[in-house]
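Structure record follows, encoded as structure tokens.
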Amino acid sequence: MKKISVVVPCFNVSECLGRCMDHLVGQTIGIENIEIILVNDASTDGGATWEEIMQYESRYPDSIIAISLEENLRQGGARNVGISYASGEYLIFCDADDWLRLEALELLYSVARENDADVVEFRYKKVSEYTGQQLPLERGNEDYELNGISDEQRRILILGSESEFGLGCMTKMYRMSLIKEKEIRFAECLICEEPSFVMPVRLYETKHIYLDIVLYYYFQMPGSTMHSSWDSRKLDNARVWIILYEDLKKRGFLDKYPVELEYMFWSWGVGLTIRMLLYRKYVVQEEELTFLKEMILKYCPNIRLNPYLSKFGAKWNGILMGILDIEFTPDNIVDFNKNALEYLAGL
């Protein structure tokens, strides 16, 4: 068994995959100890991405698995396929335009094994250029662990997603047996899919280690998902949270942590959808507001009574309540957008 499986979704990444792979095959833990699963997500670049993948597989046949999808499933679906092939002791994700520090996997594996951790979380850094040189190590002194996680600690983990505990999937290494046994998967064919995987993990894990160290570099490439047009994806974030809600309901977590998950659904499912649209210069239209209103009424009808509303951003929550309170006339929609933009501009 390999120590770590690394799943890399690949869509039209022939120009940047080499940078990511250089940092994976060069890991100090040793290429023989890792399994790299490259998933070609139905790329449309005339075979360039697949050719690049096949070159790496031929170079490292004992450590690289190459998979090609006929249908584009976006990152979530590609990662799900990768998970189905993964056989390592631990699991980690890396996007093809990003990279890990060369010592990352050795450090993470050592910490995970020494502490018998389900999840080891770490920091990331946004970068806009690549020089080929290893960036200076950034290390803080705020490492900590949650062990034998109690209900109260679980609530901290859930609500901590507002701050210290990120809902991104790439800044964590996971115990593979937990992922497989609990059948945890991503929402497919949508963007903003990562909470659909990370939140169930957070509700099942029993030992969480946080390392205050930058091990992952997120390259802000102009053509990437987060920088391309969202015209057909404006409500994907909300749809991901609906899928997540239904999944957590089936798993029984809504009965155990009802107000915490209700608040997360409100803040991340509804609130983040609005923020993302406004930050990207969209005007929130009646269609989107109607969708979100119906979503609130169905999935968090008692949100006004939620005890966390006053704790986290009372003014912003008040603006969001307008979705329930106002009639969607042209003037009211203009006022809603104006108030939300003014609030966000003041942050």
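We use all heavy atoms of the structure for the numbers below, so side chains are in, but hydrogens, waters and symmetry mates are not.
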### Query
Taking only residues two or more places apart in sequence, or in another chain, which ones meet S68 in a side-chain contact (heavy atoms from CB on, under 4.5 Å)?
N40, W50
### Message
Which residues pass the ring-ring contact (aromatic ring centres under 6.0 Å, His included) test with F253, not counting sequence neighbours?
### Response
Y204
#### Entry: Sequence-distant partners of D151, side-chain contact (heavy atoms from CB on, under 4.5 Å), two or more places apart
R155, K256, Y257
### Query
To the nearest 0.5 Å, how far apart are CG in L38 and CD in E57?
8.5 Å
### Message
Please give me the minimum heavy-atom distance between V284 and N337, naming the atom from each residue.
### Response
N-OD1, 2.8 Å
#### Entry: Ring-face cation of R59 near Y56 (centre distance under 6.0 Å, axis angle within 45°)
yes
### Matching residue for T171 among Y124, Y218, F93 - test: side-chain contact (heavy atoms from CB on, under 4.5 Å)
Y124
### Message
Taking the side chain as everything from C-beta on, heavy atoms only, tell me whether I149 gets closer than 4.5 Å to K207.
### Response
no
### Message
Once side-chain contact (heavy atoms from CB on, under 4.5 Å) is applied, do any residues pair with S58, and if so which ones, sequence neighbours excluded?
### Response
none
### Query
Does a side-chain N-to-carboxylate-O contact under 4.0 Å join R139 and D143?
yes
### Query
How would you list all residue pairs meeting ring-ring contact (aromatic ring centres under 6.0 Å, His included) that involve residues 314-347, not counting sequence neighbours?
W316-Y343
### Task
Considering only NZ, NE, NH1 and NH2 on the basic side and carboxylate oxygens on the acidic side, decide whether K125 and E138 come within less than 4.0 Å.
yes
### Sole candidate of E89, E114, K3 that passes side-chain hydrogen bond (donor to acceptor under 3.5 Å, both in side chains) when paired with Y109
E89
### Task
Establish, yes or no, whether the cationic atom of R79 lies under 6.0 Å from the six-membered ring centre of F197 and within 45° of the ring axis.
no
#### Entry: Salt-bridge criterion met for D247 and K250 (N-O under 4.0 Å)
no
### Query
Between D97 and R19, does at least one N-O distance fall below 4.0 Å, as a salt bridge requires?
no
#### Entry: Residues D212, R123: salt bridge by 4.0 Å N-O rule
yes
### Task
Go through the structure and list residues passing side-chain contact (heavy atoms from CB on, under 4.5 Å) with Y85, not counting sequence neighbours.
I37, I65, I67, V81
